[in-house]
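What follows is a set of notes on a single structure, which appears directly below.
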Amino acid sequence: QVQLEESGGGLVQAGGSLRLSCAASGRTFSSHHMAWFRQAPGKEREFVAGITLSGYATYYADSGKGRFAISRDNAKNTVSLLMNSLKPEDTAVYYCAAARVGGHIAGPYDYWGQGTQVTVSS
C-alpha cells in the first residue's frame, strides 16, 4: 500500500505559477504509475496529468498541455506538478493518485491523497 499527501496549493493570480508536490509513504512507490486529478465545484473529478513508473512517459489532459509538467523522484518518493500560466478555470482541488501495482497508466487509481486547493483569481 501507499499513502499520499499533497502540498503546495494556494491562491495565485491568473498567469501565475504553482508547484504541487505529493509525498508517498511505503516501499512500493516506484512500482506505481502516478497521476494528478482535479475536481472543481459542481464538476466531476478529471484527469490532469500522469507519469509512468520510471518517469519516461508523461500524459496530459488537453487543458494542461503546454502549461503543466509532471515529474517524479523515485529516490525521494515524490511526484510533482508544475503549473504555469494558470487560468481561473484551473481552480479546483487537486489530488495525487497512485495506480495499483502492476496496473496501467490509464488506471484504475486505487490510492488517493486528501487533496490540495488551488484557487486562481482573475
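What you see below is based on every heavy atom in this structure, not just the backbone, and it leaves out hydrogens, waters and symmetry mates. Note that the structure is a prediction, hence the values are computed from the model and not measured. In this chain, numbering begins with 1 at the start of the sequence shown.
Within 6.0 Å of atom CD in Gln117, more than 12 heavy atoms from other residues, nucleotides or ligands are found, so the atom counts as buried in its surroundings. Counted within 6.0 Å of CD on Glu5, heavy atoms from surrounding residues, nucleotides or ligands total 12 or fewer; the atom is thus considered open.
Side-chain atoms of Asn74 never come within 3.5 Å of backbone atoms of Ser54 as a donor-acceptor pair (strictly under, hydrogens ignored). Counting only distance, with no hydrogens or angles, the side chain of Arg45 and the backbone of Val93 share no donor-acceptor pair below 3.5 Å. Side-chain atoms of Ser21 do not come within 3.5 Å of backbone N or O of Ser80 as any donor-acceptor pair. A donor-acceptor pair under 3.5 Å links the side-chain atoms of Thr116 to the main chain of Gly9, judged by distance alone. Judged by distance alone, the side chain of His32 and the main-chain N or O of Met34 form no donor-acceptor pair under 3.5 Å. Between the side chain of Glu6 and the main chain of Gln114, a donor-acceptor pair closer than 3.5 Å is present.
Checking each of Tyr95, Tyr111, Tyr109 against Phe37 for a ring pair (Phe, Tyr, Trp, His ring centres under 6.0 Å) leaves exactly one that passes, namely Tyr109.
Shown here are the side-chain contact (heavy atoms from CB on, under 4.5 Å) partners of Glu89, two or more places apart in sequence or in another chain: Lys87. For Lys65, the salt bridge (Lys or Arg N to Asp or Glu O under 4.0 Å) criterion is met by Asp62, not counting sequence neighbours.
Side-chain contact between Ser63 and Arg38 is present, with heavy atoms from C-beta onward closer than 4.5 Å. With a 4.5 Å cut-off on side-chain heavy atoms, Phe29 and Arg72 count as touching. Contact of the Val118 side chain with the Thr91 side chain is not registered, since no non-hydrogen atoms from C-beta on lie closer than 4.5 Å. Met83 places none of its side-chain heavy atoms less than 4.5 Å from the side chain of Val48. Looking at Phe47 and Tyr59, their side chains come closer than 4.5 Å, going by heavy atoms from C-beta outward. Between Leu81 and Arg19 there is no side-chain heavy-atom pair separated by less than 4.5 Å. Considering only heavy atoms from C-beta on, Ser17 stays 4.5 Å or farther from Val12 through its side chain.
Between the side chains of Thr78 and Asp73, no donor-acceptor pair of N or O atoms lies under 3.5 Å.
To the nearest 0.5 Å, atom CD1 of residue Ile70 and atom CH2 of residue Trp36 are 8.0 Å apart.
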